[in-house]
Enquirer: 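Just dropping this structure here.
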Amino acid sequence: MAILVTGGAGYIGSVTVERLEAAGESVVVLDALGRGHREAVTRETPFYKGQVGDRALIAKIVAEHKIESCVHFAALAYVGESVEQPEKYFENNVSQGIAFLGALLAAGVRRFVFSSTAATYGEPERVPIDEECRKWPKNPYGWSKLVIEQVLDSYDTAHGLKFASLRYFNAAGATERCGEHHDPETHLIPIVLAAAAGEKPDVPVFGGDYPTPDGTAIRDYVHVADLADAHIRALEHLRKGGSSEFMNLGTGDGYSVLEVIETARRVTGSEIRIRKEARRPGDPARLVADPAKARRVLGWTPKMSDLASIIGSAWDWKKRNPRGYFAS
Ligand code: UDP
């Protein structure tokens, strides 16, 4: 019996594969390698390059490896790109996601952990954000994830599919082997560390007029290894016959853009210059999770997610891998 991890060559997926294997699980990875990195998965892990919407391929993998559960990360995940090319997001994340679920159900797989996002809430009606908050995404990326959440809920009712939909806040940090390598990079912490390493002259700070203490936007940063741990707990929950649930994964603490930069200065010892820019379209002022449900249902609490540890781990990985997964 094995667990199928789609998108296992991506950032959060690769760390989850690493942690699942460390916990003694058999894992099979399916990744189209459009944005993931083959090097992020070891050669020992069975690996398939392909699309999740390829029903014949899914049927073959499930049969060959006796797949009992699935963790589904594979998706496009750039907010800006989703606004410009929504069709890509609805085709890739929604159409292919539905085809994938159909193939899994046909093959008898009934346990599913889904990589969802705080973007399902859109502009939050209250902060900290609990799972009952209104969900009204501000971009096609968020909608693509919310649609799949709805499909999962319907398939539970109709077909007994048991799922955990995990809504990540801001994933960051690295493990010994796996780190964050996006191309292009749009996320704050890797950009701040690129500036610390002298690869960029400064960090653009998007918006200084938010209704927050220092005027910059606040986010809830959670260590990628803590996120991976939550997936393992979610699988255990489902294996024990637990109910389908939607759960936030965040720490409950928020940090502003300037606080992140200040912490990175301390961790790296670099000056890190900033450049004030206008707000980035679509950015809410404050996104902070209420993580009580994940604690209650999964017994999950973040252990590595204090901001200095997150940034320190990302900095260590960057120093070891100056070009990310591209060999120098
Ligand atoms: N941000 C910034 N400069 C950058 C990248 C991001 O000021 O070069 C801000 C961004 O506007 C947001 C926060 O940092 O308020 C976190 O952005 P990120 O893209 O890392 O994650 P998001 O919250 O958008 O998923």
Side-chain angles (χ1 to χ4, degrees), residues 10-12 35 73 75-84 89 93 115-124 127-129 137-146 166-174 179-197 199-224 227 248-265 270 272-289 305 307 310-311 313-315 318:
Y11 173 42
I12 307 172
R35 294 189 177 167
F73 292 100
L76 299 177
Y78 285 120
V79 168
E81 181 184 61
S82 81
V83 175
E84 283 155 21
Y89 281 69
N93 298 1
S115 177
S116 189
T117 168
T120 52
Y121 297 107
E123 195 71 53
V127 179
I129 302 168
K138 286 183 84 167
N139 50 63
Y141 166 64
W143 281 109
S144 74
K145 292 289 182 175
L146 189 58
L166 304 178
R167 296 181 184 141
Y168 315 144
F169 282 65
N170 287 60
E180 189 166 10
H181 178 171
H182 296 113
D183 188 18
E185 188 54 79
T186 61
H187 294 107
L188 179 63
I189 289 177
I191 286 174
V192 167
L193 296 182
E199 295 162 14
K200 293 168 82 67
D202 50 27
V203 176
V205 174
F206 298 135
D209 56 351
Y210 285 105
T212 59
D214 67 18
T216 64
I218 290 177
R219 295 288 180 275
D220 183 338
Y221 296 90
V222 54
H223 196 294
V224 66
L227 290 182
N248 289 339
L249 297 182
T251 64
D253 294 321
Y255 294 93
S256 72
V257 173
L258 292 182
E259 285 174 322
V260 168
I261 294 169
E262 195 47 50
T263 306
R265 286 182 180 130
S270 299
I272 312 179
R273 299 167 66 122
I274 65 170
R275 167 168 48 94
K276 293 183 178 163
E277 293 285 343
R279 291 184 185 194
R280 195 168 63 175
D283 274 351
R286 217 163 107 80
L287 291 177
V288 178
S305 292
L307 191 58
I310 289 175
I311 295 175
S313 69
W315 182 235
K318 184 172 179 59

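Owing to the predicted nature of the structure, the values given are computational and were not obtained by experimental measurement. Atoms within each ligand, like the ligands themselves, are counted from 1 in listed order.
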Enquirer: Can you name the residues that come within less than 4.0 Å of ligand 1, going by heavy atoms only?
Expert: N170, T186, H187, L188, I191, P204, V205, F206, A217, R219, Y221, V257, R280, D283

Enquirer: Does the side chain of S115 come under 3.5 Å of the side chain of Y168 through a donor N or O and an acceptor N or O?
Expert: yes

Enquirer: List the atom of P204, the atom of E277, and the distance in Å for their closest heavy-atom pair.
Expert: CB-CG, 3.7 Å

Enquirer: Would a 4.5 Å heavy-atom cut-off, applied to side chains only, mark I12 and F73 as touching?
Expert: yes

Enquirer: Who passes side-chain contact (heavy atoms from CB on, under 4.5 Å) against R265, sequence neighbours left out?
Expert: I261, E262, I272, I274

Enquirer: Within the side chain of R279, is there an N or O that forms a donor-acceptor pair under 3.5 Å with the backbone of D209?
Expert: yes

Enquirer: Above 12 or not: heavy atoms from other molecules or residues under 6.0 Å from CZ of R273?
Expert: no

